[in-house]
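Everything on this sheet refers to the single structure shown next.
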Protein chains: 2
Amino acid sequence: MRTDLISSRENPKIKYACSVRDSEKQRAADGLFFAEGPKLCLELAKSCTPRTAYATEAALAKTPALASLNPMPVAPHVAEKLAGTKSSQGVFVLFETPQTDPALLDSARRILALEGVQDPGNVGTLLRSAAAFGFDAVVLGPGCAAPFSPKTLRSSMGAAGRLPVVHTENLPGTLHRLRERGVTCLAAALYHSRPLDEEGRDFPAGVCVVIGSEGQGLTDETVQACDAAVRIPMTDRVESLNAGVAGSVLLWHFRGV
Amino acid sequence: MRTDLISSRENPKIKYACSVRDSEKQRAADGLFFAEGPKLCLELAKSCTPRTAYATEAALAKTPALASLNPMPVAPHVAEKLAGTKSSQGVFVLFETPQTDPALLDSARRILALEGVQDPGNVGTLLRSAAAFGFDAVVLGPGCAAPFSPKTLRSSMGAAGRLPVVHTENLPGTLHRLRERGVTCLAAALYHSRPLDEEGRDFPAGVCVVIGSEGQGLTDETVQACDAAVRIPMTDRVESLNAGVAGSVLLWHFRGV
């Protein structure tokens, strides 16, 4: 246990941690992200490198495993400032953002691609489901919530750290390259699409599932860059499914587990 | 357009509507529930009876279809008081809570049963998925979020109004009665369970999918009251799935569409 207790809310380290928590620009510039809560931080530590950790004495006493993160002790009122949510439970860690080599897409067999999915809860849920169902990589096109923002981390439960995430500004271009090596690209779309039941599951060269935003769906350009479109058959009792649910059902169908 | 504009936030009708919004006790006593937002209210009006509606002039101008609800006009600062969320968009309706005859369970072929699912977002998501995937009825056991609370309504997108919901304090007893008429009751459980892939989809006398809370799962008594248990196979990259997602994948597998 380190003894250099941080007792000032104005401590520059604390202010810096808050700026990483709140600003995507700061996160991108410094290659760091902010996570809170003992469960999430310990889960992330399995796959990401912790740079700096902070914990209250009460949190350390409650979860001794946190000592492995070598946290600096903070006073309760400092923890209150660091806490973005009630579930922080006095534990905060700055991790190094994993760097993903885009060349990784050249060997991935099951890929999730998102376009314009702005809601961090939906992006996090889909990352979590993709990791659970044996997908190898995720492509984030324009307009998606940041994978390492606090909200996305919470709903992904740290899956973002265990699944390579590649960013692209040109999703149709990325899909074309995947198709060139035989990967079947399937757009989730309500119209001009086949029901999921009728879609096979056997794609020897790989499959890429492409999902758009809840309200807008995919852009025409992206749909046209795909091999085909699929939809989830539904009764007429609802207008749509929750976006995280719809995407997860598709991921389940094309699973690798 | 009615002209009796309500301009006081202390108007007793407005105060009453807020109490229905905020209090499950009030909702239960009066058989009413509160919904907000033009899309949700118009969706609910297809299956539920509106008792009293309120709308700003701006909301009526933007969505003329709201006139069918015969809303009383309210001033913007009154709408602000009624609004539980930013997405209310100046429209608020008290609906009569649909009364479900428990005998309906005697003929249902696809049933979703929940136990201890406290999170209204998860209950709403599962109601929405159940309606989408052709389930006939929902049983809510002890400890579940109320189906007609504002939060559940938002995540169900009104599906609660289109799917009969039966409450029970004795879920094992309800499951026993279902099994007596040949319905196969399947508990979602991580242990002592079969992977979903190996579970058939053909249940001539019906199937009931039983789902517990994200943290706790089902009680032993409820698991024992089922015919068998199923789990969703996953990689070891995540500890669990989002509860709404996990339940929805099960509902998709046992779908009637």
Would you tell me whether A:Arg237 and B:Ser47 have side-chain atoms, one donor and one acceptor, within less than 3.5 Å of each other? no
Interface check, chain B: of A:Lys46, A:Met157, A:Glu239, A:His253, most non-hydrogen pairs under 4.5 Å belong to A:Glu239
Which one wins on heavy-atom pair count under 4.5 Å against chain A: B:Ile232, B:Asp197, B:Leu163, B:Leu196? B:Asp197
Could you tell me if the side chain of B:Leu241 sits less than 4.5 Å from the side chain of A:Ser129, heavy atoms only? yes
Could you tell me which non-hydrogen atom of A:Val249 sits nearest to which non-hydrogen atom of B:Ser248, and how far apart they are? CG2-O, 4.4 Å
Taking the side chain as everything from C-beta on, heavy atoms only, tell me whether A:Pro233 gets closer than 4.5 Å to B:Trp252. yes
Say whether, by atom type as modelled, one donor and one acceptor occur between the side chain of A:Thr235 and the main chain of B:Val257 under 3.5 angstrom. no
Pick from A:Gly247, A:Ala246, A:Ser240: which one has the most heavy-atom pairs with chain B under 4.5 Å? A:Ser240
Minimum heavy-atom separation for A:Val245 and B:Gly244, please, with both atom names. CG2-O, 4.1 Å
A:Met234 CE to B:Arg128 CZ distance, which is reported to the nearest 0.5 Å: 9.0 Å
Look at atom CD of B:Gln216 and say whether more than 12 heavy atoms of other residues, nucleotides or ligands are closer to it than 6.0 Å. no
Verify the neighbour count for atom CD of A:Glu24: are there more than 12 heavy atoms of other residues, nucleotides or ligands below 6.0 Å? yes
